[in-house]
K.L.:
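Sharing a structure with you now.
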Amino acid sequence: MINNDLCASCNKVTVCRINDVLYKFHEDAKKDLGVEITMENCENFEDATRNAIVEEY
């Protein structure tokens, strides 16, 4: 399990080799390794919501 999964909201997730390695520990992985990881930061992180348009109703 990955806590605070920054990859989920990163623009670079589709081309990131680090995410490929971390996927082994994700809860959706084929086999549960029984390891819990907490991401505190990532040098390559680029926030996908940074340029999002917020609509108010």
K.L.:
So, taking the atom named CG in Asn44 and the one named CD1 in Ile18, what distance separates them when rounded to the nearest 0.5 Å?
P.N.:
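Asn44 atom CG to Ile18 atom CD1 measures 4.5 Å (nearest 0.5 Å).
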K.L.:
How would you list, by chain and number, every residue that makes a side-chain contact (heavy atoms from CB on, under 4.5 Å) with Val35, sequence neighbours excluded?
P.N.:
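Expected list: Phe25, Leu33, Ile37.
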K.L.:
Output all residues satisfying side-chain contact (heavy atoms from CB on, under 4.5 Å) with Cys7, sequence neighbours left out; order by chain, then residue number.
P.N.:
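For Cys7 the side-chain contact (heavy atoms from CB on, under 4.5 Å) partners, ignoring immediate neighbours, are Asp5, Val13, Asn19, Leu22, Met39.
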K.L.:
May I ask you to check whether Glu40 and Asn4 show a side-chain donor-acceptor distance below 3.5 Å?
P.N.:
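There is no such pair (donor and acceptor under 3.5 Å, judged by atom type) between the side chains of Glu40 and Asn4.
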K.L.:
Any side-chain heavy atom of Glu43 sitting closer than 4.5 Å to one from Asn41?
P.N.:
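With C-beta onward as the side chain, the pair stays apart.
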K.L.:
What pair of heavy atoms forms the shortest contact from Ala48 to Cys10, and how long is it?
P.N.:
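Looking at all heavy atoms of both residues, the closest pair is CB-C, 4.2 Å.
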K.L.:
What residues, two or more places apart in sequence or in another chain, satisfy ring pair (Phe, Tyr, Trp, His ring centres under 6.0 Å) together with Tyr23?
P.N.:
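With sequence neighbours excluded, Tyr23 shows a ring pair (Phe, Tyr, Trp, His ring centres under 6.0 Å) to His26, given in chain and number order.
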K.L.:
Tell me if the NZ atom of Lys12 is crowded by more than 12 foreign heavy atoms within 6.0 Å.
P.N.:
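Check passes, neighbour count above 12.
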K.L.:
How close do Cys42 and Leu6 get, counting heavy atoms only, and between which atoms?
P.N.:
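Taking every non-hydrogen atom into account, N-CD1, 3.9 Å.
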